[in-house]
Amino acid sequence: MTVRTRVAPSPTGDPHVGTAYIALFNLAFARQHGGQFILRIEDTDQTRSTDESEQAILDSLRWLGLEWDEGPDVGGEYGPYRQSERKDMYKDFAMRLVEEGTAFLCFRTAEELDELRESRKAEGKHTALKQSDLELPQAEVERRMAEGMPYVVRMKVPEEGVCVIDDMLRGPIELDWGQVDAQILLKSDGMPTYHLANVVDDHLMKITHVIRGEEWINSAPKHKLLYQYFGWDMPQLCHMPLLRNPDKSKLSKRKNPTSILYYQRMGYLPEALLNYLGRMGWSMPDEREKFNRDEMFASFDIQRVSLGGPVFDQEKLSWLNGLWIREELTTEQFAEQMQKWALNPEYLMQIIPLIQPRVEKFSDVAPLAGFFLSGMLPISAADFEHKKLDSEQVQRILQFSVWHLDQQRHWDRDTLFAELKGLADGMELKIRDFLFPLFVAIAGTSQSVSVVDAMSILGPDMTRARLRHALEIAGAPSKKATKRLEKEYRALSA
Ligand code: GLU
């Protein structure tokens, strides 16, 4: 048997360090066994998937040195490797289950489902929705079908009992069937859900080991059942511990930058970031902290993964990166890496249109554009003094902006401007005054190039990190004040 592993990101946002972490362990496992590593794009959620996100994922995984043997950009024997291009296939598989009686067409409307949930709640029922809850009399099914009403395909799921999942790291895991919904396999628009597409593709792509985040454990019973219904062998499952913030909560962009693009912009070396990801829950047999990818692969053993939640700590990463910079780079390589990092034409071409109208000589450039090459800025509370805004207003603007931008999915200049203008109007502030604390947070001074352009170039994670840093410097609101602000913000954005 040839070992085949895969990473299957959904292209719905910035490339996440968690994706790189999972990719690294899949690649290490494949290489250790002389097998293949596949990259598959799971873009069945067509409203959230974007081409830019897919490109950024491919670019950043490649930047880290994670190369795949098969994928949407390199092809391979089992393609296409983008689920949107495999759409028709999933429908046939779903219909096969319907014909065989292990799945059914469900014509329930959204309102009916809401009612069902409400009435079950009222009855104190805490089990999942099953076929028996959803079934309609045959005549009603036929009527709805004849009327062309939309339907989904759902899988049948046992009403009760225990499902045992074998996990390579955890051994047998018992999950209660009572908590598993009659999962939708095919949506009313004909697109498959993650569960169907994932199982069909893992089978057709001959995946032997599924190494993924532990947040997927609860999906495993559905997958096991689908393999059974189709009569296919199930790959071995391995659920990796989730990355955590230093406070042990699940790594999230609200607390910690999660985008690989942020770590790139901060000037971490890809080798060091990959090294650090290799330290997440795993260690070299000799416990050494600094190692490169090939050293990791040569000593790899998945059983050395420990299940205690690995903490992704920027300070620790910086320390390791420092070792790499000092010990691994010659002067020439340092210069080369600096150029690649930020003194490259692509980055400079984004910045130059903003600064060219404002400089008289090249020596004006560094003071004006230095913040494009920085991490957190050396600002102080005094920098936020403004004749029309008191410190409470400054806090409010920064805090509202953080909340608002946390939800922002499109990160282009015009959208950002429209969003911030909307917020300023809601707060009854002139956009000029509103933007003042943002200028200080992002550029270190209000005498700067357009802050909205700067935010779009720096990207969401760097922007958020600087805004949060600014909020700390300007004086983060107390817990009580935050509660009040939250209320105000909710009223504003309602
Ligand atoms: N598309 C899923 C994700 O975004 C893949 C999960 C899996 O590996 O099964 O993480």
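Atoms within a ligand are numbered from 1 in the order they appear, just like the ligands themselves.
- The residues R31 and E67 are annotated as salt-bridged, a charged nitrogen and a carboxylate oxygen being separated by less than 4.0 angstrom.
- With sequence neighbours left out, F372 forms a ring-ring contact (aromatic ring centres under 6.0 Å, His included) with no residue at all.
- In this structure, a donor-acceptor pair under 3.5 Å is present between the side chains of D59 and Q55.
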Distance-only donor-acceptor hits, side chain of residues 154-165, under 3.5 Å, sequence neighbours excluded:
residue	atom	partner	partner atom	Å
R154	NH1	A182	O	3.0
K156	NZ	G101	O	2.8
E159	OE2	S132	OG	2.9

Only distances under 3.5 Å count here; give the side-chain donor-acceptor pairs of residues 10-22 to other protein atoms, sequence neighbours excluded, each with its distance to 0.1 Å.
residue	atom	partner	partner atom	Å
S10	OG	E42	O	3.2
H16	ND1	G18	N	2.8
Y21	OH	P241	O	2.7

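- Near ligand 1, residues R6, A8, S10, E42, Y194, N198, R212, W216 each place a heavy atom inside the 4.0 Å sphere around the ligand atoms.
- Counted by atom type alone, Y78 and R40 present zero donor-acceptor pairs between their side chains at under 3.5 Å.
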